Enquirer: 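Here it is, the structure in full.
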2 protein chains.
Amino acid sequence: MPRNAAKPRETYHVGNLEPQLLIQAKRMLEEVGPTKISIRAIAEQLGVSATAVYYHFANKDELLSRLAATGFSELEFVLNQALAESTATTILKEVSLAYFRFAKRNPTMYQLMFGSEITQATLTPELERAREQAFQVLKRTIAQILDQEIHSKMVRITALSSWSHIHGMASLLIHQVIVLPETIDEEQLVENALQSLKHLFSLMP
Amino acid sequence: MPRNAAKPRETYHVGNLEPQLLIQAKRMLEEVGPTKISIRAIAEQLGVSATAVYYHFANKDELLSRLAATGFSELEFVLNQALAESTATTILKEVSLAYFRFAKRNPTMYQLMFGSEITQATLTPELERAREQAFQVLKRTIAQILDQEIHSKMVRITALSSWSHIHGMASLLIHQVIVLPETIDEEQLVENALQSLKHLFSLMP
DNA sequence: ACCTGAACACCGTTCAAGT
DNA sequence: ACCTGAACACCGTTCAAGT
């Protein structure tokens, strides 16, 4: 018995199967997580044979890469939004908070985007572009704060370092390596994380 | 044909299968990565039936958890070593560097330790303890720098934040989200990452 | 151009049975 | 106490064939 009611089609041809596969894949990702997502199950849920998938995607890796790419586009969007709405003094906190919120609200997608399921062997150009564009927003943010050229080495390493910080927090929380009380205020948490590091570094040479 | 020559035993009984399974699992982890590790293959390589594994481990999750726990113990060890060998002015850099090096030298183990393969459903007490002990070293490091009680809230959030930073860097590099030149000096990289954040935060309110 | 069915080589896990 | 064999319900992927 299938875990989900198959919806049998009347027509042999589906029409626009490709986008439907991505939509269903996303749904399944949210339900079962990045490790248990399955091509056969996705196909079955759409009432289509498993092999139909292979007409539209080279393999599972490519489908997942395409899916992850949409995640990076969404992330880029929310970061750009935060950047646009922030003032000079709050810019780092606002962008970091937007990043953190995206991760917390889309944990399975975030795991897919940064996890081991997507091998770099099959890295789609589309995925690499989407990733790079999201990182660009972080670079713009940092360039603005530092008041330096976006292509400078200084901006690059600082953006990388700042990205690491917020990505690390998101990652540790999502994987439950650290557990915080349910009631915690996300804004306070990000603010505290930034301030505590500021203080720590002020003590260093 | 098996991908690895099975070594048939003469005796029915193996003796100490449990540790051997963990050793072989580690070997396989390093060869094929955390997503492709397989109980059947591990058993076959030891010349033992796949079901023998289930006498020693409840399931795959438990085996992987036990394996990950050894990773956290090793990490704890190298962190402690760095902490012991560092001076007051270099302590943060030294511990961060030790952490970063562990991740770079054991990428598949690191992926397993922080990835999606281990569900929190089957989180072994052993794994939780090992994790917590590694984190304790980071806390001790921070407590020393801040010159505060190790159990204070301030130490906790700062250690968490600092851990996020270095874990984020390791994670982004291992997953090839960012690619650095082969020739890069790890010590310089960590130093630059710390310094760039110090400067960034100095510009914030 | 787009999809199916059968087949292959894998999985993790169970259960009764063997030593 | 420790291990095996057969069986079940899954996978991803290929290939020839159908519409």
Side-chain angles (χ1 to χ4, degrees), chain A residues 1-22 24-25 28-29 31-67 112 116-119 121-122, chain B residues 1-22 24-25 28-29 31-67 112 116-119 121-122:
Chain A
M1 208 167 299
R3 86 203 95 196
N4 229 323
K7 316 165 191 168
R9 291 169 295 120
E10 0 15 75
T11 54
Y12 184 88
H13 237 78
V14 176
N16 58 339
L17 185 53
E18 195 174 311
Q20 292 207 58
L21 285 169
L22 285 169
Q24 191 61 36
M28 190 171 183
L29 172 65
E31 272 175 29
V32 303
T35 64
K36 292 199 173 143
I37 200 168
S38 126
I39 276 189
R40 286 182 107 111
I42 292 167
E44 195 185 3
Q45 284 158 15
L46 288 172
V48 112
S49 78
T51 46
V53 177
Y54 288 83
Y55 183 80
H56 300 279
F57 301 95
N59 47 38
K60 190 182 178 182
D61 249 54
E62 189 176 301
L63 197 165
L64 292 185
S65 287
R66 293 277 303 276
L67 188 56
L112 178 67
S116 309
E117 288 79 27
I118 291 169
T119 68
T122 332
Chain B
M1 208 166 297
R3 87 204 95 199
N4 229 321
K7 316 164 190 167
R9 292 168 294 120
E10 0 15 73
T11 54
Y12 184 89
H13 237 79
V14 176
N16 58 339
L17 186 52
E18 195 174 312
Q20 292 207 58
L21 285 169
L22 284 170
Q24 191 61 36
M28 190 171 184
L29 172 64
E31 272 175 29
V32 303
T35 64
K36 292 197 172 144
I37 200 168
S38 126
I39 275 188
R40 287 182 106 110
I42 291 167
E44 195 186 3
Q45 284 157 16
L46 288 173
V48 112
S49 78
T51 46
V53 178
Y54 288 84
Y55 183 80
H56 300 278
F57 301 95
N59 47 38
K60 190 181 178 183
D61 249 56
E62 190 175 302
L63 198 165
L64 292 185
S65 288
R66 293 278 302 276
L67 188 56
L112 179 67
S116 310
E117 289 78 28
I118 292 168
T119 67
T122 331

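In what follows, chains carry the letters A, B, and so on, assigned in the order in which the sequence lines appear, proteins first and then strands, with residues in each chain numbered from 1. What you are looking at is a predicted structure, and each value in this text was computed from that prediction instead of being measured.
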Enquirer: Whether B/His56 contacts D/dA1 is assessed here as follows: a side-chain N or O lying under 4.0 Å from the phosphate OP1 or OP2. Is that the case?
Expert: no
Enquirer: Taking B/Asp61 for its side chain and B/Leu64 for its backbone only, find out whether a donor-acceptor pair lies under 3.5 Å.
Expert: no
Enquirer: Which atom names give the shortest non-hydrogen contact between A/Tyr54 and A/Ile39, and what distance separates them?
Expert: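 Where A/Tyr54 meets A/Ile39 most closely, the heavy atoms are OH-CD1, 3.9 Å.
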Enquirer: Under 4.0 Å between a side-chain N/O of B/Tyr54 and OP1 or OP2 of C/dT13, yes or no?
Expert: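 For C/dT13, OP1/OP2 do have a side-chain N/O of B/Tyr54 under 4.0 Å.
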Enquirer: From CD of B/Glu44 over to P of D/dC3, roughly how many Å is that when rounded to an integer?
Expert: 17 Å
Enquirer: Taking only N and O in the side chain of A/Ser38, is any of them less than 4.0 Å away from OP1 or OP2 of D/dC11?
Expert: yes
Enquirer: Search all heavy atoms of A/Leu17 against all heavy atoms of A/Ala52 and return the closest pair with its distance.
Expert: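 Of all heavy-atom pairs spanning A/Leu17 and A/Ala52, the closest is CD2-CB, 4.0 Å.
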Enquirer: Using a 4.5 Å cut-off on heavy atoms from C-beta on, say whether the side chain of B/Glu18 contacts that of B/Arg66.
Expert: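 When only atoms from C-beta onward are counted, B/Glu18 and B/Arg66 do touch, with a gap below 4.5 Å.
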Enquirer: Nearest-Å distance, NZ (B/Lys36) to P (C/dC10)?
Expert: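 After rounding, the gap between these two atoms is 13 Å.
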Enquirer: Round to a whole Å and report the spacing from CZ of A/Arg40 to C1' of C/dA9.
Expert: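 The distance from CZ of A/Arg40 to C1' of C/dA9 comes to 12 Å, rounded to the nearest Å.
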Enquirer: Can you check the B/Ile37 CD1 to C/dG12 C1' distance for me, whole Å?
Expert: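 Those two atoms, CD1 and C1', are 14 Å apart.
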Enquirer: Figure out the OH/P separation between A/Tyr55 and D/dA16, and round it to whole Å.
Expert: 17 Å
Enquirer: Just wondering, do A/Val53 and A/Ile42 contact through their side chains at under 4.5 Å, heavy atoms?
Expert: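 Of all side-chain heavy-atom pairs linking A/Val53 with A/Ile42, none is under 4.5 Å.
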Enquirer: Taking the minimum atom-to-atom distance to the side chain of A/Val48, which one of D/dT13, D/dC3, C/dC3 wins?
Expert: C/dC3
Enquirer: Rounded to the nearest 0.5 Å, what separates atom CG in B/Asn16 from atom NE2 in B/His56?
Expert: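 Between atom CG of B/Asn16 and atom NE2 of B/His56 there are 9.0 Å.
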Enquirer: Round to the nearest Å and state the distance from B/Ile42 atom CD1 to C/dC11 atom P.
Expert: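 These atoms are roughly 10 Å apart.
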Enquirer: Measure the distance from CG on B/Asp61 to P on C/dT13 and round it to the nearest whole Å.
Expert: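 That distance rounds to 8 Å.
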Enquirer: Kindly give the heavy-atom pair with the smallest separation between A/Leu63 and A/Ala25, and that separation in Å.
Expert: CD2-CB, 3.7 Å
Enquirer: Examine C/dC15: is either OP1 or OP2 under 4.0 Å from a nitrogen or oxygen in the side chain of B/Thr51? Give yes or no.
Expert: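 No, outside the criterion.
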Enquirer: Nearest whole angstrom, please: distance from the C1' of C/dC2 to the CD of A/Gln20.
Expert: 14 Å
Enquirer: Starting at the 5' end of DNA chain D, what dot-bracket string do you get if Watson-Crick and G-U pairs under 3.5 Å are bracketed, crossing pairs use [ ], other-strand pairs use | and unpaired bases use dots?
Expert: ||.|||||...|||||.||
